[in-house]
Amino acid sequence: MSTSRSGTQALNTSPQVVHPLGELARLACMSPSSLRQKFRVAYGKSLGHYQRECRMQCAQQALLQGMSIQQVAHRVGYAHACNFATAYRRHFGLSPQEARARFHETG
């Protein structure tokens, strides 16, 4: 879906920023409802789900690079590390601390 590439690029490069649907639709040169529908067809998930995945992938990389959990939380747009840790556990099935420990065991 070429018209939404600028929108997905914004989600990928700035996961810490809240991207309003209207802004993403404008970047994709379509209406919000059209973007919502076409995005789901093209990517098999909602824009919100896609953004959460981008945030968690960015967070995982930052954790593996040795950033503190507080730093990672702020980097990906969470005001509080505890909210980030909850979201991380929900997404990956383990806490940020557990993820870092596993990486250091195998890395």
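Remember, predicted model here, so these are calculated numbers, not experimental data. Counting from 1, the numbers follow the sequence of the chain as shown. Side chains are part of it too, since the values below use all heavy atoms of this structure and drop only hydrogens, waters and symmetry mates.
What you find for Pro32 and Gly22 is that their closest heavy atoms are CG-CA, 4.4 Å.
Heavy-atom contacts from other residues, nucleotides or ligands closer than 6.0 Å to NE2 of His80 number 12 or fewer.
Formation of a donor-acceptor pair under 3.5 Å by the His19 side chain with backbone atoms of Ser14 is found in this model. With hydrogens and angles disregarded, no donor-acceptor distance shorter than 3.5 Å links the side chain of His91 to the backbone of Glu53. Put simply, the side chain of Thr86 gets close to the backbone of Cys82: a donor and an acceptor are under 3.5 Å apart. In terms of modelled atom types and a separation under 3.5 Å, the side chain of Gln37 and the main chain of Ser34 share no donor-acceptor contact. Using a distance-only test at 3.5 Å, with no hydrogens or angles considered, no donor-acceptor pair links the side chain of Arg100 to the main chain of Gly66.
Leu47 and Met56 are members of different hydrophobic clusters when ILVMFWY side chains are connected at heavy-atom separations under 4.5 Å. The cluster map of Ile, Leu, Val, Met, Phe, Trp and Tyr, joined by side-chain heavy atoms under 4.5 Å apart, puts Tyr88 and Leu64 in different clusters. Connection of Tyr78 to Val17 is not established within any shared hydrophobic cluster, with ILVMFWY side chains joined at heavy-atom distances below 4.5 Å, either directly or through further cluster members. With hydrophobic clusters built from ILVMFWY side chains whose heavy atoms lie under 4.5 angstrom apart, Val76 shares a cluster with Phe92. Put simply, Leu94 and Val72 are part of the same group of oily side chains (I, L, V, M, F, W, Y) that touch within less than 4.5 Å, one to the next.
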Report task. Evaluate the side-chain hydrogen bond (donor to acceptor under 3.5 Å, both in side chains) criterion for residues Gln97 and Ser95: first the C-alpha distance (whole Å), next the side-chain angles of each, then the deciding distance (0.1 Å), finally the verdict. Result -> CA-CA 5 Å; Gln97 297 90 337; Ser95 73; 3.2 Å; yes
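A distance of 12.5 Å separates CZ in Arg36 from CE in Met30, rounded to the nearest 0.5 Å. The distance from the CG atom of Leu63 to the CZ atom of Arg102 is 13.5 Å, given to the nearest 0.5 Å. We find the NE2-CD1 distance between His74 and Ile69 to be 12.5 Å, quoted to the nearest 0.5 Å. Of the inter-residue distances, the one linking Arg52 atom CZ with Lys45 atom NZ reads 10.5 Å to the nearest 0.5 angstrom.
Under the 4.5 Å side-chain criterion, counting only non-hydrogen atoms from C-beta, Pro96 is in contact with Phe84.
Under the 6.0 Å distance and 45° angle rule, Arg40 does not count as a cation-pi partner of Tyr50.
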